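The structure displayed is predicted, hence computed values, not measured ones.
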Amino acid sequence: MYDLLVVGAGPYGLSIAAHAAAAGLRVRVFGRPLAFWRDHMPRGMLLTSPPWASDLSDPEGRWRLDVFRAFRGLTPGDAGPVPLEVFTGYGMWFARNAVPGTDERTVTRVAPRAGGFEAVTEDRETYTARTVALAVGLLPFAELPAALRGLPPALVTHSSRHARLDRFRDRDVTVLGGGQGALETAALLAEQGTRVRLLVRADRLRWEKAPPRERPRWRPARPPHGGPGGRNRWYSERPGLYRRLPERVRAGVAARALVPAGSWWVRDRVEHRVEVLFGREVAGAREVPDGLRLETVVRRGGSAVLETGHVIAATGFRPALGRLRPLAPELRALLATGAGGVPEVGPEFESSYPGLFLAGPVTAACFGPAARFLHGTSFTADTLVRGVRRRLRTGPAGWPR
């Protein structure tokens with residue numbers, strides 16, 4: 001029996017595993033390293049986080065992004081955004097050095113058993129462990145507008161479903177959203193010759209300023225990711241304090257802090273190059289011979305019809321308990337949830353079911369904006385592994401029977 005099974009090999013899963021291994025725990029990690037970034041992000045994409053906020057976490061800080069750059073002979077790139085290809089190469093290098101032996105199979109079921117848990121892989125092999133850390137990332141939570149659900153993938157896709165955009169070259173595409181994902185997708189499409197437009201609910205686009213060249217000594221002059229500076233900065237640096245806020249206050253802060261915004265370096269690639277239709281929301285959609293006919297509601301009153309060949313919905317992600325697919329139904333039913341059906345976690349990322357820990361974006365409702373970005377890996381991995389060790393010390397009596 002393992003001490004800890006980590007389900008997911010993205011930045012959070014790998015960081016947790018690195019901390020657990022360094023703590024002497026018997027740990028096994030399941031998942032294809034950086035699969036979301038390697039298989040679901042378009043080539044040519046750049047990271048939103050600055051280089052100094054793009055590290056995965058190991059206890060000694062040996063396997064940082066700047067170390068990888070030096071190892072590969074790459075320029076430091078302190079101020080410029082990190083290319084996707086550099087980051088995925090870094091993630092694979094981190095996995096090989098900090099988390100050797102990652103099992104690339106997918107876990108299809110996690111269920112409780114006496115003294116811990118059992119996990120079943122895609123080829124039906126079963127593993128047991130005293131604790132489990134679920135770090136499934138963003139992909140299970142991709143959100144489509146209600147008006148577009150049920151339409152075929154040939155006509156409607158979420159932005160997270162495209163490792164390549166060249167299938168849309170010389171086609172007509174409408175991108176929904178005003179955040180980084182929408183803006184960068186539109187820029188990449190325009191640059192390859194796609195006829196592209198943006199449909200944005202807001203009346204204007206928001207743009208982030210360039211971050212400082214290096215990690216600030218005391219506190220960041222700008223947040224380590226997108227969103228309004230002041231609140232996002234404060235809560236990103238204090239996730240432990242954020243968790244202590246009343247739930248209604250946390251919900252209000254989250255709604256205000258993570259407004260859609262674009263990175264400074266994509267602005268020139270969108271303005272005057274991509275058609276932007278402001279104040280529009282899709283109210284209905286139906287298939288027509290050459291694609292889709294969208295019925296849109298205009299914010300200032302009225303409606304408008306738009307025909308397009310394909311819709312890419314860069315409409316974000318909505319974490320919810322029901323979308324944590326690896327969890328067996330009987331285990332999901334035992335988890336306490338907060339606003340929006342998101343599982344609640346304690347101060348060390350343990351869910352209401354003893355021994356089951358959650359990490360990454362699904363914990364943002366409890367720990368704040370940092371949990372949605374790479375910046376949160378260090379706090380999460382260190383704190384969660386401390387919680388795992390505490391749970392292991394309680395012995396079998398600590399688990400429900």
Can you give the donor-acceptor pairs under 3.5 Å from side chains of residues 296-306 to other protein atoms, not counting sequence neighbours?
residue: T296; atom: OG1; partner: A304; partner atom: O; Å: 2.9
residue: R299; atom: NH1; partner: R201; partner atom: O; Å: 3.3

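Between the side chain of T194 and the main chain of A190, no donor-acceptor pair closer than 3.5 Å is present. A donor-acceptor pair is defined here as one N or O able to donate and one able to accept, closer than 3.5 Å; such a pair exists between the side chain of T377 and the backbone of L374. Formation of a donor-acceptor pair under 3.5 Å by the R130 side chain with backbone atoms of L392 is found in this model. Between the side chain of D58 and the backbone N or O of A18 there is no donor-acceptor pair closer than 3.5 Å. Side chain of R64 to main chain of G61: a donor-acceptor pair is present (N/O by atom type, distance under 3.5 Å, no hydrogens or angles). Under the 3.5 Å distance criterion, the side-chain polar atoms of T185 are matched with a main-chain donor or acceptor of G181. In terms of modelled atom types and a separation under 3.5 Å, the side chain of Y90 and the main chain of W63 share a donor-acceptor contact. The backbone N or O of L74 sits nowhere less than 3.5 Å from a side-chain atom of R69 that would complete a donor-acceptor pair. Without hydrogens or angle criteria, H158 side chain to F317 main chain gives no donor-acceptor distance under 3.5 Å.
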> Going through the distances and angles, do D3 and V388 end up as a side chain to side chain contact (heavy atoms under 4.5 Å, CB included)?
Replying inline: CA-CA 8 Å; D3 293 321; V388 167; 5.8 Å; no

>> Evaluate L321 against V342 for side chain to side chain contact (heavy atoms under 4.5 Å, CB included), listing each step before the verdict.
In response: CA-CA 5 Å; L321 175 61; V342 179; over 6 Å; no

>> What verdict does the salt bridge (charged side-chain N to carboxylate O under 4.0 Å, His left out) test give for E125 and R105, after you've listed the backbone C-alpha separation in whole Å, the side-chain angles of each residue and the deciding distance to 0.1 Å?
In response: CA-CA 10 Å; E125 192 167 355; R105 289 176 296 175; 2.7 Å; yes

>> If you apply the rule side chain to side chain contact (heavy atoms under 4.5 Å, CB included), what do you find for V7 with T106, and how did you get there?
In response: CA-CA 8 Å; V7 180; T106 298; over 6 Å; no

> Going through the checks in order, is the side chain to side chain contact (heavy atoms under 4.5 Å, CB included) test met by R390 and E350?
Replying inline: CA-CA 11 Å; R390 188 189 307 276; E350 190 172 23; over 6 Å; no

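Taking both residues in full, the closest heavy atoms of R280 and L199 are given as CB-CG, 3.9 Å, listed atom of the first, atom of the second, then distance. Minimum interatomic distance between A9 and T102 (heavy atoms only, all atoms of both residues): CB-CG2, 4.2 Å. For E122 against T108, the heavy-atom pair with the smallest separation is CA-CG2, 3.8 Å. Smallest separation of non-hydrogen atoms from A20 and V385: N-CG2, 3.8 Å. Nearest heavy-atom pair across P343 and C366 is O-SG, 4.3 Å. Between L176 and P145, the closest heavy-atom pair is CD1-CG, 4.1 Å.
The CG atom of L205 sits 7.0 Å away from the CG atom of L198 when rounded to the nearest 0.5 Å. If you take CG on D268 and CH2 on W207, they are separated by 8.5 Å, rounding to the nearest 0.5 Å. Rounded to the nearest 0.5 angstrom, L335 CG and L358 CG are separated by 7.0 Å. Going from atom CZ of F349 over to atom CZ of R386 covers 9.5 Å, rounded to the nearest 0.5 Å. Here OG1 of T174 is found 10.5 Å from CD of E307. Values are rounded to the nearest 0.5 Å. To the nearest 0.5 angstrom, L384 atom CG is 12.5 Å from R389 atom CZ.
Side-chain N/O atoms of S57 and H19 include a donor and acceptor closer than 3.5 Å. S263 and Q180 form a side-chain donor-acceptor contact under 3.5 Å, judged by distance and modelled atom types alone. For the residue pair H375 / S49, no side-chain donor-acceptor distance below 3.5 Å is found, with atom types taken as modelled.
Counting only residues at least two apart or on different chains, the salt bridge (charged side-chain N to carboxylate O under 4.0 Å, His left out) pairs with a member in residues 168-177 are D172-R197. Applying the salt bridge (charged side-chain N to carboxylate O under 4.0 Å, His left out) test to every pair with at least one member in residues 9-30, sequence neighbours left out, gives these pairs: R28-D103. Each salt bridge (charged side-chain N to carboxylate O under 4.0 Å, His left out) pair with one or both residues in residues 175-187, not counting sequence neighbours, would appear here, but there are none.
Residues T131 and L356 are not in side-chain contact: their nearest non-hydrogen atoms beyond the backbone lie 4.5 Å or more apart. T157 has its side chain within reach of H310: a pair of non-hydrogen atoms, C-beta onward, lies under 4.5 Å apart. The closest side-chain heavy-atom distance from W37 to L84 is below 4.5 Å. Between V345 and F357 there is no side-chain heavy-atom pair separated by less than 4.5 Å. Taking the side chain as every heavy atom from C-beta outward, F71 and D66 never approach each other to under 4.5 Å. For the pair H162 and I312, the minimum side-chain heavy-atom distance is below 4.5 Å. Contact of the F94 side chain with the L65 side chain is not registered, since no non-hydrogen atoms from C-beta on lie closer than 4.5 Å. Contact of the R325 side chain with the R109 side chain is not registered, since no non-hydrogen atoms from C-beta on lie closer than 4.5 Å.
Ring pair W93/F68: centre-to-centre distance below 6.0 Å. Centroid-to-centroid, the aromatic rings of Y2 and F117 stay 6.0 Å apart or farther.
Between E143 and R323, at least one side-chain N (NZ, or NE/NH1/NH2) sits under 4.0 Å from a carboxylate O, which counts as a salt bridge. A salt bridge does not link D166 to R43: none of the charged nitrogens lies less than 4.0 Å from a carboxylate oxygen. We find that E287 and R293 are not joined by a salt bridge, their nearest charged nitrogen and carboxylate oxygen being 4.0 Å or further apart.
For F30, the ring-ring contact (aromatic ring centres under 6.0 Å, His included) partners are Y127, not counting sequence neighbours. Residues satisfying the ring-ring contact (aromatic ring centres under 6.0 Å, His included) criterion with H40, sequence neighbours excluded, are absent altogether.
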